[in-house]
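Protein chains get the first letters and strands the later ones, always in sequence-line order, with residue 1 at the start of each.
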Protein chains: 2
Amino acid sequence: MKTAVSKKLDQKAEKLIKENNLSLTESRKNILGYLLKNHGPFSVEEIHNGLGNKACNLATVYRSIAQFENSNLVERRYLGDGILRYEYKDMKHHHHHIICRICKNVAKMKYCFVSEIEQMVRDKGYSDITHSLEFFGVCAKCKAK
Amino acid sequence: MKTAVSKKLDQKAEKLIKENNLSLTESRKNILGYLLKNHGPFSVEEIHNGLGNKACNLATVYRSIAQFENSNLVERRYLGDGILRYEYKDMKHHHHHIICRICKNVAKMKYCFVSEIEQMVRDKGYSDITHSLEFFGVCAKCKAK
DNA sequence: TTATTTATGCAAATAATTTGCAATTTTTAA
DNA sequence: TTAAAAATTGCAAATTATTTGCATAAATAA
């Protein structure tokens, strides 16, 4: 069963892949579609499972993600546990995360005023600046236990 | 040749190890001493090489670093390239990094006003909050090339 | 000092990621 | 539209970073 929203996001995935001059394959459509429909970040394995495992090979997920990263469609996150995760890089909704050190739940933090600091970095002579900011803490639920 | 400063930092390493109730071994003194004397972050392999390789086994560096992390003496950094790095956690000099995407040079950024945001995280019910903030850009040198 | 606990070296085991290569799919261009 | 060229995929094997088991050695406690 494909909802209208799901279909729309599949189309968006297709559009993004073409716009970035990547060849349009089933796997890539599925992988990027998955990231558009689900709010990550996800490990490569989670994406692979999420797609149903037989959708494509794990190596293909790695390769596709690498392409998407190069094309700036996806961004890598490191949450401190030794596993890399990826999520769709939505330019219009820049955000950060709050990760519970115990249950690993990832909450979104929409507010960001790091851009003010980026100006300082720019003043030091750097260009093409990005940043990664993650918060770690113990969430209320875990604290109560 | 051991300078006075170097000797002082070795003593500091020793003190820190004892204070944290870790047994005081040659390896641990060397590893923490290295992190006190050199401004990281460093990968486990870099530390191992830095100490001269025969100083101790690579596995020992991994194990010692894990201990130091638990004792909050050392903090883990992820600079986006798939390798974990570690540096001495100097409570008195909290700072962030600016990493050149090309030459990988790591510059220190002493200024930090993320603590203001931490209050927001606290307000959401999280406790024991820490954060990780890294900037990535192309440094002036690399840009000129 | 001797007993007990803890750490180390070494080699083997894991786990995540990458790669080579033949087969397949996608794109290009006639 | 179709044939040729280019790029991607699956699979298995290779890498790489990290962890672990276990016997030996060193550090701490009594």
Asks: Return the value, rounded to whole Å, for the distance between atom CG of B/Asn57 and atom C1' of C/dT6.
Replies: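 The answer, rounded to whole Å, is 17 Å.
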Asks: Are the side chains of A/Asp10 and A/Lys29 in contact, using a 4.5 Å heavy-atom criterion?
Replies: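 They are not in contact (no side-chain heavy atoms under 4.5 Å apart), so the answer is no.
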Asks: Could you state the CD1-P distance from B/Ile17 to C/dA7, rounded to the nearest angstrom?
Replies: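 These atoms are roughly 12 Å apart.
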Asks: Would you indicate which nucleotide in C/dT8, D/dG10, D/dT20 comes nearest to any side-chain atom of B/Ser64?
Replies: C/dT8
Asks: For residues A/Tyr88 and A/Leu16, determine if any side-chain heavy atom of one lies less than 4.5 Å from a side-chain heavy atom of the other.
Replies: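 Side chain of A/Tyr88 against side chain of A/Leu16, heavy atoms only: contact under 4.5 Å found.
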Asks: Between C1' on C/dC21 and CZ on A/Arg63, what's the gap in Å once rounded to a whole number?
Replies: 10 Å
Asks: Using whole Å, report how far CG of A/Leu58 lies from P of C/dA15.
Replies: 14 Å
Asks: Starting at atom CD of B/Glu46, determine the distance to atom C1' of D/dT18, rounded to an integer number of angstrom.
Replies: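 So the two atoms are 16 Å apart, to the nearest Å.
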Asks: So, does A/His48 use its side chain to make a donor-acceptor pair with the main chain of A/Cys56 at under 3.5 Å?
Replies: yes
Asks: Kindly point out which of C/dA7, D/dG21, D/dA17 is positioned nearest to the side chain of B/Ile83?
Replies: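 So the side chain of B/Ile83 is nearest to D/dA17.
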Asks: Do B/Leu58 and B/Val44 make a side-chain contact, defined as non-hydrogen atoms from C-beta onward lying under 4.5 Å apart?
Replies: yes
Asks: Is there side-chain contact between A/Phe68 and A/Leu22, with at least one heavy-atom pair below 4.5 Å?
Replies: yes
Asks: Give a yes or no on this: more than 12 heavy atoms of other residues, nucleotides or ligands lie within 6.0 Å of atom CD of A/Glu45.
Replies: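 Counting neighbours around CD of A/Glu45, 12 or fewer heavy atoms of other residues, nucleotides or ligands fall under 6.0 Å, so no.
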Asks: Angle between the two end axes of the helix from C/dT1-D/dA30 to C/dA30-D/dT1, five base pairs per end, rounded to 10 degrees?
Replies: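 The helix from C/dT1-D/dA30 to C/dA30-D/dT1 shows an end-to-end axis angle of 40°.
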Asks: Does some side-chain heavy atom of B/Leu35 sit less than 4.5 Å from a side-chain heavy atom of B/Ile65?
Replies: yes
Asks: Measure the distance from CG on B/Leu51 to C1' on C/dT8 and round it to the nearest whole Å.
Replies: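 Atom CG in B/Leu51 sits about 15 Å away from atom C1' in C/dT8.
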Asks: Which residues, if any, of residues 20-35 of chain A bring a heavy atom under 4.0 Å of DNA chain C?
Replies: A/Ser23, A/Leu24, A/Thr25
Asks: If you assign each of B/Glu45 and A/Val61 to its closest nucleotide in DNA chain D, which residue comes earlier from the 5' end?
Replies: A/Val61
Asks: Report the nucleotide, chosen from D/dT18, D/dT9, C/dG9, that has the shortest atom-to-atom distance to any side-chain atom of B/Tyr62.
Replies: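 Nearest to the side chain of B/Tyr62 among the choices is D/dT18.
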Asks: Without decimals, in angstroms, what is the distance between B/Arg85 CZ and D/dA17 C1'?
Replies: 12 Å
Asks: Are A/Phe42 and A/Tyr34, when compared by the centres of their aromatic rings, separated by less than 6.0 Å?
Replies: yes
Asks: Main chain of A/Ser64, side chain of A/Arg28: is a donor-acceptor contact present, judged purely on distance under 3.5 Å?
Replies: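 Side chain of A/Arg28 to backbone of A/Ser64, a donor-acceptor pair under 3.5 Å: no, none is there.
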Asks: Separation of A/Glu69 atom CD from C/dT18 atom C1', in whole Å?
Replies: 14 Å
